[in-house]
**Q** 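First, the structure itself, so that you have it in front of you.
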Amino acid sequence: MGIRFYDTLTKQKTEFVPLAEGKVGIYVCGVTAYDVCHVGHARSAVVFDVITRYFKYRGYQVTYVKNFTDVDDKIIAKANREGTDIREVSERYIREHNDDMDRLGVSRPSVTPRATENIQGMIRLIGTLLEKGLAYREEGDVYFAVDRFPGYGKLSGRNIDEMMAGARVDVDEKKHNPMDFVLWKGSKPGEPWWDSPWGRGRPGWHIECSVMSQRYLGDTFDIHGGGEDLIFPHHENEIAQSEGASGKPFARYWIHNGFIRVNKEKMSKSLGNFFNLRDALTQYHPEVLRFFILQSHYRSPIDFSEDSLREARAGMERFYETLRKIRDLAGEGEAKAVDPESLSGADREVLEKVNDLPGRFVEAMDDDFNTARAMGYLFELVRLLNGTMADKDFRLTGASRFVLSEARKKIRELGKILGLFLEDPDEYFASDRSRESEKRGLSAAEIEALIEERRRAREEKNWKRADEIRDALAAKNIVLKDGPSGTTWKMG
RNA sequence: GGCGGCAUAGCCAAGUGGCUAAGGCAGCGGUCUGCAAAACCGUUAUUCACCGGUUCGAGUCCGGUUGCCGCCUCCA
């Protein structure tokens with residue numbers, strides 16, 4: 001069995017069979033560069049980041065194309081407001097997008113083309129659509145005639161007549177059919193323009209993705225992805241343009257991620273209920289955000305709230321506590337290999353679980369990229385490891401050292417697919433402490449001074465003073481933890 | 001109005017018709033600890049919104065009801 005996932009086009013889980021063996025071409029619609037990214041953009045980026053990483057893990061050679069829309073009404077409006085041009089605006093937000101995504105640990109796609117780099121390709125494609133009678137000119141504009149393309153509506157499961165009945169179709173005198181969409185817009189004064197056979201103008205939104213996917217992946221390619229709000233009209237229109245022009249199938253599989261919600265409502269710019277990704281990254285460790293996203297299936301809606309992020313943080317701590325304990329016992333790096341046959345008892349049990357883990361992880365991920373289930377399996381190993389290390393009979397031997405380091409290696413190897421558990425545990429906790437104390441306006445130095453005072457009190461067995469200090473810190477939500485090598489602390 | 005999705009413990013959440021319904025968070029009892037915290041062990045859904053149906057057998061399939069959400073307009 002190979003990878004199976006839900007295909008929006010057929011509305012069922014299907015086995016993935018690539019166009020060319022061992023290779024996968026994937027196109028994902030990126031952002032329109034007119035503002036900073038919010039947490040919803042992060043979800044889409046993380047989901048497709050993990051999907052492409054997983055394909056690589058399974059041995060595929062992946063070509064991942066994600067575009068930037070750098071010409072659009074909102075960008076033009078912003079540029080006009082600022083007295084600059086669209087290039088400056090889009091450059092700025094593309095840069096910010098890249099910074100944010102880098103911090104989130106999102107790998108850069110193979111290619112990140114921009115709409116304005118592909119205007120000639122769009123003009124050619126529109127020309128083909130006109131020649132084939134699928135598009136028509138009206139004054140300086142060019143429109144796609146949806147009723148000339150028989151498959152229109154197949155992705156979103158609607159037909160033209162039903163949509164006509166819908167109340168909210170935009171009324172545009174120039175359109176022959178209200179559902180027709182613009183391929184090329186004649187430029188108005190103050191708008192950027194390019195020369196075309198139909199006069200000066202700029203492209204419509206949908207055409208760029210048809211051109212860029214074709215350019216980098218071909219007329220027919222494996223997977224097209226994006227947020228579920230793009231199914232209609234954007235992806236529907238892409239199909240109409242691409243298949244209409246080439247006469248060949250467009251994307252063979254479609255993957256759409258669900259939304260992030262706030263109080264059960266979609267997080268969106270228009271509702272104004274969005275959280276900037278940048279702000280979220282100052283409040284939470286990037287891996288906590290990824291953990292939060294990957295704990296649910298990619299198609300389910302997830303609610304962004306302080307509570308759910310706090311839970312994600314607690315879950316991450318569980319992993320890093322375990323990694324820290326392993327480090328304390330087994331040291332850094334890989335331990336000297338031991339013959340598995342010579343192992344017994346707990347060592348053997350752990351190694352068996354460790355060796356089973358990749359298979360179980362793959363089984364979960366092969367099934368529609370079920371990251372939630374995959375993470376459940378990782379937690380099971382963590383519990384077993386903690387139990388083993390906490391056991392009274394645990395002895396650090398060559399065998400246990402080897403087994404622990406194997407476990408860590410496997411957690412890191414699989415974590416890499418998810419973009420989790422990649423930090424040094426001490427660094428993770430240090431950055432968590434500084435982030436959390438900053439959030440609450442507390443100084444790490446002050447806290448550490450009090451801990452030092454408490455250490456001296458404990459040395460003198462002055463439990464009263466020691467507890468006073470701990471209680472005072474606890475009142476500020478600071479939790480102390482006395483261990484063999486001293487006291488550590490964290491924000492609760 | 002049209003189309004689509006979701007409904008699993010206090011909360012989040014997985015669940016591909018068939019042994020005891022993953023996992024996480026929170027809670028409770030215990031072990032550990034000077035006392036704690038963390039960790040571990042035990043415990044927390046005779047039941048999967050509700051009503052019918054198919055089946056030897058359904059959380060899982062079908063029909064209906066209720067509730068929530070999304071798309072139909074720019075949107076990850």
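In the text below, chain A, chain B and the rest are named by the order of the sequence lines, each starting its count at 1.
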**Q** Does the side-chain ring of A:Tyr377 sit on the six-membered ring of the B:rG23 base, less than 5.5 Å centre to centre and under 30° in tilt?
**A** no
**Q** Please give the nucleotide sitting opposite B:rC68 as a Watson-Crick or G-U wobble pair, both distances under 3.5 Å, or none.
**A** B:rG5
**Q** So what does A:Phe48 hit on the nucleic acid, given a heavy-atom distance under 4.0 Å: a base, only sugar-phosphate, or nothing?
**A** nothing
**Q** Of the listed nucleotides (B:rC25, B:rG34, B:rA76), which one gets closest to any side-chain atom of A:Trp463?
**A** B:rG34
**Q** Tell whether A:Asp303 reaches the base of B:rC11 with its side chain through a donor-acceptor pair below 3.5 angstrom.
**A** no
**Q** Would you kindly check whether a donor in the side chain of A:Asp229 faces an acceptor in the base of B:rG70, or vice versa, at under 3.5 angstrom?
**A** no
**Q** Describe the nucleic acid contact of A:Ala372 in one word from base, sugar-phosphate, nothing, applying a heavy-atom distance below 4.0 Å.
**A** base
**Q** Run the salt-bridge test on A:Arg454 and A:Asp482 with the 4.0 Å N-O cut-off and return the result as yes or no.
**A** yes
**Q** Pairing check on B:rA76: which nucleotide meets the Watson-Crick or G-U wobble criteria with it, both distances under 3.5 Å?
**A** none
**Q** Between A:Arg470 and A:Lys490, which residue's closest nucleotide on RNA chain B lies nearer the 5′ terminus?
**A** A:Arg470
**Q** Find the partner of B:rG57: check Watson-Crick (N1-N3 plus N6-O4 or O6-N4) and G-U wobble (N1-O2, O6-N3) distances, both under 3.5 Å, and reply none if neither fits.
**A** none
**Q** So, under a plain 3.5 Å distance rule, would you say the side chain of A:Lys264 forms a donor-acceptor pair with the base of B:rC68?
**A** no
**Q** Regarding B:rG70, can its base be found pairing with the side chain of A:Arg261 as donor and acceptor, where the two atoms are less than 3.5 Å apart?
**A** no
**Q** NA contact type, A:Met389, heavy-atom cut-off 4.0 Å: base, sugar-phosphate, or nothing?
**A** nothing
**Q** Please state whether the phosphate of B:rC40, meaning OP1 or OP2, lies under 4.0 angstrom from any side-chain nitrogen or oxygen of A:Arg383.
**A** no
**Q** For B:rU20, which nucleotide is its Watson-Crick or G-U wobble mate, given both distances must be under 3.5 Å?
**A** none
**Q** Whom does B:rG10 pair with, Watson-Crick or G-U wobble, provided both distances fall under 3.5 Å?
**A** B:rC25
**Q** What does A:Lys11 touch in the nucleic acid at a heavy-atom separation under 4.0 angstrom: a base, only the sugar-phosphate, or nothing?
**A** nothing
**Q** Would you mind checking if A:Glu460 and A:Arg456 are paired as a salt bridge, meaning a charged N to carboxylate O distance below 4.0 Å?
**A** no
**Q** When all nucleic acid strands are considered with a 4.0 Å heavy-atom cut-off, which category describes A:Glu363: base, sugar-phosphate, or nothing?
**A** base
**Q** Which of the following nucleotides, B:rA14, B:rC40, B:rC25, is nearest to the side chain of A:Ala390?
**A** B:rC40
**Q** Is it true that A:Glu459 and A:Arg455 make a salt bridge, defined as a side-chain N closer than 4.0 Å to a carboxylate O?
**A** yes
**Q** Assert yes or no for the condition that the ring centre distance of A:Phe5 to A:Phe369 is strictly below 6.0 Å.
**A** yes
**Q** Looking at the side chain of A:Arg310, which of B:rA39, B:rC25, B:rC35 is the nearest nucleotide?
**A** B:rC25
**Q** Run through A:Glu228, A:His256, A:His206 and flag the one making a side-chain hydrogen bond (donor to acceptor under 3.5 Å, both in side chains) with A:His235.
**A** A:His256
**Q** Write down the partner of B:rA39 under the Watson-Crick or G-U wobble criteria, each distance required to be under 3.5 Å.
**A** B:rU31
**Q** Tell me whether the centres of the aromatic rings in A:Phe319 and A:Phe379 are closer together than 6.0 Å.
**A** yes
**Q** Hey, is the side chain of A:Glu228 pairing donor to acceptor with the base of B:rG70 inside 3.5 Å?
**A** no
